[in-house]
Amino acid sequence: MIELSYKLFFKAFSNKTRFEIIKLLRKGPKHVSDICEELGFEQSRVSHNLKCLVDCGFVNNKWNKKNKIYSLDKKHILPILKNIDKHIKFYNERLKACGVLK
């Protein structure tokens, strides 16, 4: 069961659209229209992937008048991303040198 959880956790990050949304939301909360404009993606594509990220618990949303504002989960996902940043700095040269990943 834990193996499936690992697979699903990293699969959520490995999708290009979701990864771009996560990177953008690290800068701060955004409306769907802002995400679409900044990333150059169609709203249906963004909305579909935001639903996944919300369902997974990586992204939160709240209503601001007539619009939802999306933000990264500050309690769990943001610390994970910050920790990954530290590890990427450590492994950066090895990752770039790995012929299998290219």
Side-chain angles (χ1 to χ4, degrees):
M1 188 69 165
I2 191 92
E3 183 178 327
L4 176 61
S5 295
Y6 270 92
K7 181 179 178 179
L8 293 174
F9 183 87
F10 289 107
K11 186 175 184 177
F13 282 102
S14 67
N15 173 278
K16 180 182 177 5
T17 302
R18 290 190 293 269
F19 185 68
E20 292 299 322
I21 292 170
I22 289 169
K23 286 189 337 186
L24 183 62
L25 291 178
R26 285 187 82 174
K27 299 175 185 176
K30 303 277 183 195
H31 293 277
V32 173
S33 58
D34 296 331
I35 296 170
C36 295
E37 185 178 318
E38 291 187 47
L39 296 179
F41 297 149
E42 293 179 10
Q43 184 171 346
S44 60
R45 179 178 176 183
V46 170
S47 295
H48 172 76
N49 284 284
L50 277 170
K51 181 182 180 337
C52 174
L53 292 169
V54 169
D55 288 351
C56 291
F58 295 174
V59 170
N60 298 316
N61 61 51
K62 65 179 180 179
W63 286 99
N64 180 16
K65 299 180 185 174
K66 294 182 180 181
N67 297 307
K68 282 187 183 178
I69 298 176
Y70 293 88
S71 60
L72 287 179
D73 173 54
K74 291 179 182 169
K75 185 175 180 183
H76 299 286
I77 290 300
L78 202 51
I80 289 170
L81 294 174
K82 288 179 181 180
N83 201 12
I84 289 171
D85 290 344
K86 292 176 192 174
H87 291 288
I88 287 175
K89 287 179 185 176
F90 178 79
Y91 287 103
N92 189 40
E93 293 304 317
R94 289 182 176 188
L95 289 167
K96 288 193 287 188
C98 178
V100 175
L101 296 176
K102 293 182 181 181

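Sequence positions, counted from 1, serve as the residue numbers for this chain. All values derive from a computational prediction rather than experimental measurement.
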How long is the gap from [atom1] on [X] to [atom2] on [Y], to the nearest 0.5 Å?
X     : Y     : atom1 : atom2 : value
Asn49 : Lys51 : CG    : NZ    : 11.5 Å
Tyr91 : Cys98 : OH    : SG    : 13.0 Å
Asn15 : Ile21 : CG    : CD1   : 8.0 Å
Leu78 : Arg26 : CG    : CZ    : 6.5 Å
Ile80 : Phe58 : CD1   : CZ    : 7.0 Å
Leu53 : Asn61 : CG    : CG    : 11.0 Å

List the atom pairs, donor and acceptor, that lie under 3.5 Å between side-chain atoms in residues 63-72 and the rest of the protein, sequence neighbours left out.
none

Rest of the hydrophobic cluster containing Leu4 (Ile/Leu/Val/Met/Phe/Trp/Tyr, side-chain heavy atoms under 4.5 Å)?
->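 Under the 4.5 Å side-chain rule, Leu4 groups with Leu8.
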Do any side-chain atoms of residues 36-44 form donor-acceptor pairs under 3.5 angstrom with protein atoms, and if so which ones, sequence neighbours left out?
unit_1, atom_1, unit_2, atom_2, d
Glu38, OE2, Lys30, NZ, 3.1

Do the non-hydrogen side-chain atoms of Asn92 and Lys96 ever get within less than 4.5 Å of each other?
->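 Counting from C-beta outward, Asn92 and Lys96 do come under 4.5 Å.
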What closest approach, in Å, do [X] and [Y] show between heavy atoms, and which atom pair accounts for it?
X     : Y     : answer
Asp73 : Asn60 : CA-ND2, 3.5 Å
Arg18 : Cys52 : CD-SG, 3.7 Å
Ile77 : Gly57 : CG1-O, 4.4 Å

Is it the case that one hydrophobic cluster holds both [X] and [Y], taking links as side-chain heavy atoms less than 4.5 Å apart, direct or via other members?
X      : Y     : result
Ile84  : Leu25 : yes
Leu95  : Phe13 : no
Val100 : Ile88 : no

Residue His48 excluded, over 12 heavy atoms near NE2 under 6.0 Å =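 It does not: His48 NE2 has 12 such atoms or fewer within range.
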